[in-house]
2 protein chains.
Amino acid sequence: MGVQPRASGRATIVDVARAAGVSRQTVSNALNAPERVAPGTLERVRAEIHRLHFTPNVTAQQLRRRRASAYGFAVNPTGSARMGHILDEFLVELTIAAPGHRSHLVTFAPDPGDVLESHKRLLSSGLVDGFVLADTRHGDPRPHWLLEQGVPFVSFGRIWDSPHLEQWVDVDGRAGMHAAVCHLAGSGYARVAFLGWPGGSAVGDDRRRGWLEGLEDCGLQGADLHATSPQAIDRATAAADRLIEQLGDDGAVLCASDLLALGVVRAINRRGLEPGRDVGVVGFDDTDVAEALQVSSVRQPLREAARSAWRLLHATGTDGIRPALLTPTLTVRGSSVRTPLAASGTELPDPSNAHSHPAHTEKDTP
Amino acid sequence: MGVQPRASGRATIVDVARAAGVSRQTVSNALNAPERVAPGTLERVRAEIHRLHFTPNVTAQQLRRRRASAYGFAVNPTGSARMGHILDEFLVELTIAAPGHRSHLVTFAPDPGDVLESHKRLLSSGLVDGFVLADTRHGDPRPHWLLEQGVPFVSFGRIWDSPHLEQWVDVDGRAGMHAAVCHLAGSGYARVAFLGWPGGSAVGDDRRRGWLEGLEDCGLQGADLHATSPQAIDRATAAADRLIEQLGDDGAVLCASDLLALGVVRAINRRGLEPGRDVGVVGFDDTDVAEALQVSSVRQPLREAARSAWRLLHATGTDGIRPALLTPTLTVRGSSVRTPLAASGTELPDPSNAHSHPAHTEKDTP
DNA sequence: GAAAACCATGTGAACGATCAAATCGCCACA
DNA sequence: TGTGGCGATTTGATCGTTCACATGGTTTTC
């Protein structure tokens, strides 16, 4: 007896209205403001919505509301120079958390020539309301421009250029490094060197600071053992080689990235030594490479970062949502303990069960 | 003199029409069917479009055209068990190629309980017209369902369950393995073993077949040297250990994945041997791990795969676009040559310049 | 006991574009 | 001169929803 959806395509709000014997607007209210609808009517409308498998047409909503509830995410076309795929994992977590914020993500490729151009285009097409920035480099024009235009955005990574901008969520690399140093101290290493990137990298400097502070707090030596290398394996190996030379018997090397840590491992192996037993190594990002090499590594809490990003993106300005500086954890593997983690037979410990060191609980909005 | 866009927000098609002294529809035609517009008018309209920075509202187009020109891409929430991030790279390439097909991508997280449910929801919301499937497993209900519903889709990976479906693009793993075996033969290995996954994996079986055919074509031994391991590092190491035992002096191991290859490298190192010089190793997917370990690996042409996927997605059915089986290339590194690629000093060859072996040119639609 | 307030629901317009069909001017042809 | 055809352009309707306001009925208020 029920009214059927019309022949062409899916049921619309009008079909539901007819079927339930009410007007469009009442159906709309049942969906968007149920408290305005009388209980009996509400139930009837909901029953018809269910029966007709009605789903609001998001496209029509976007047009009428003048809001897409969608955000652009620029994919990184430079496949190289980014061992780790951290951003890909971040995108996954963002996507998972999106429905909880009644939003979705649209991917796009930034124009390599004019970064702003592609953002402008996407924005003016009405397809997105704003952006999630994921690799803000030094001198990135986007944060300023977006703020100026009043476009909603959030950055994964502090906006080092302009500390007054508060639209960011980041991981506290300094705290992660600090914790790693103390872990190495507890594992019996007496000196901890640092292998970082050449000057000018805000992220790198932050991580280096955490190393220095860790040395001081945990009473270790090594503050003079500091080298840099660009993010390239051969250069890293060479730099690590010199560092190990100075390190002595009970030293360890803390690295600003897993790729640099890989260089250290190579340098260690080349000398006939063994990571962990002879020289400690800790990397950053806990990538596949770290897992493959059994290198301990500082892990970014990407799930929480994604959640905080959404909160910040949808902050009203008066709800007290502040930038989130999240504390990473340390995944401990064989490279940072002097005695093998497990019996050194054919079996190795399952990396997924590796001891995870929750440095602290998340340090989110207070 | 020029008409200004109205105060509220961006310029619309009506603003342009007024400014150029024509009607809405003429502006629309100038954009979508320029040949219908008189040259002078066209020029005038285009000038105003440019002057007012007019961009068509995609949302309004979607509603009126009853087509989103967008496709859903399900992200893989199981971060583990997928070393390689092949799908992430595929997504990047899809995104880059999207504008060329006047489309874009919307990411979404599949419901782990009911895979179809999340697809249905997204589809009925009108946000997407179809899907790009990227990890069709055995028994995946999606291809059938989508075909039945007449929903456009393309699968990255053959639909092994139902070979009659032609909505796919894939990489010819068999050919890649074949080429790898012949490369190993040319490098002086006499026997090539295979380390694959346990039975039932269509992809694994295909790669194994390529290995066998390669042995035969290049006159190598080793067809009896075959082991399997699940995609887990400790199991792979153990399996590799047994395989190497049987391999003898001038053998190599071909692996169905880089993770398995990592297991082989570990087993080799454990015996005090060296990959390449003593035992050859070739992996699959050319991931960061392979690069880090200097393991040769079969590389999937993801850019071409993405392009073919778009072509297939937008095929009319009469334009002769057929499924694309692309031939991978082999990235040769130290693990598959008996003499070191470079002087074994502190410098290693830049992996990005590593010799790339174009097995054949792409074997796309004829 | 009439004005004011409230509640549930309905009506017209609008969001910004495209589709389908109508109109207008101009030229050719009978 | 009237009819037909054609190219260029315009007009009206529509996509599916929400906004802003109107309606009608009941309850509260002074």
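Here is how names work: the chains are called A, B, and so on, in the same order as the sequence lines, proteins then strands, and each is numbered from 1. Source: prediction; values computed, not measured.
- For the pairing with A:Asp140, the side chain to side chain donor-acceptor pair (under 3.5 Å) check across A:His138, A:Arg142, A:His144 returns one residue only, A:Arg142.
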Polar atoms only, N or O, under 3.5 Å: list the protein pairs with nucleotides 24-26 of chain D and their distances.
none

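- A:Asn57 places its CG atom 6 Å from the P atom of D:dT17, with the value rounded to the nearest Å.
- Note that the two end axes of the helix from C:dG1-D:dC30 to C:dA30-D:dT1 enclose an angle of 60°, each drawn from 5 base pairs, rounded to 10 degrees.
- Taking atom CZ on B:Arg67 and atom P on C:dG16, their separation rounds to 21 Å, with Å as the unit.
- Between the CG atom in A:Asp170 and the CG atom in A:Leu326 there is a gap of 8.0 Å [rounded to 0.5 Å].
- The base of C:dT18 sits with one of its N or O atoms less than 3.5 Å from a complementary donor or acceptor on the side chain of B:Arg64.
- Residue B:Arg66 places at least one side-chain N or O closer than 4.0 Å to OP1 or OP2 of D:dG16.
- With sequence neighbours excluded, no residue forms a salt bridge (charged side-chain N to carboxylate O under 4.0 Å, His left out) with A:Asp111.
- Enclosure of atom CD in A:Gln149 by more than 12 non-hydrogen atoms of other residues, nucleotides or ligands within 6.0 angstrom is indicated.
- Taking atom CG of residue A:Leu31 and atom C1' of nucleotide D:dG16, one finds them 13 Å apart after rounding to whole Å.
- A:Phe108 and A:His119 have their aromatic ring centers within a separation under 6.0 angstrom.
- At C:dT9, one or more side-chain N or O atoms of A:Thr41 fall inside 4.0 Å of OP1 or OP2 (strictly under the cut-off).
- Taking the six-membered ring for Trp, B:Trp310 and B:Tyr71 have ring centres closer than 6.0 Å.
- Two residues, B:Ala60 and B:Val37, neighbour DNA chain D, and the one matched to the more 5' nucleotide by heavy-atom proximity is B:Val37.
- Taking every heavy atom of residues 22-30 of chain A and every atom of DNA chain D, pairs under 4.0 Å involve A:Arg24, A:Gln25, A:Ser28, by number.
- Between A:Arg36 atom CZ and C:dG10 atom P there is a gap of 14 Å when expressed in whole angstrom units.
- Put simply, CD on A:Gln62 is 14 Å from P on D:dC19, counting in whole angstrom units.
- Ionic pairing of B:Arg46 and B:Glu43 is not present here: no N-O contact between side-chain nitrogen and carboxylate oxygen is shorter than 4.0 angstrom.
- Of the charged side-chain nitrogens involved, at least one lies within less than 4.0 Å of a carboxylate oxygen, so that A:Glu117 and A:Arg121 count as a salt-bridged pair.
- A salt bridge is defined here as a Lys NZ or Arg NE, NH1 or NH2 lying under 4.0 Å from an Asp or Glu carboxylate O, and A:Glu166 with A:Arg158 fails to meet this definition.
- Atom CG in A:Leu52 sits roughly 14 Å away from atom P in D:dG16 (whole-Å rounding).
- Atom CG of A:Leu127 and atom P of C:dG16 are 15 Å apart (whole Å).
- For B:Phe156, the ring pair (Phe, Tyr, Trp, His ring centres under 6.0 Å) criterion is met by B:Phe90, not counting sequence neighbours.
- In this entry the distance linking CD of A:Gln61 with P of C:dA17 reads 19 Å, nearest Å.
- Every residue was checked against the ring pair (Phe, Tyr, Trp, His ring centres under 6.0 Å) condition with B:Trp160, not counting sequence neighbours, and none meets it.
- Note on B:Arg65: a side-chain N or O is less than 4.0 Å away from OP1 or OP2 of C:dT18.
- B:Arg10 is listed as a side-chain neighbour of A:Ser124, based on a closest heavy-atom distance under 4.5 Å.
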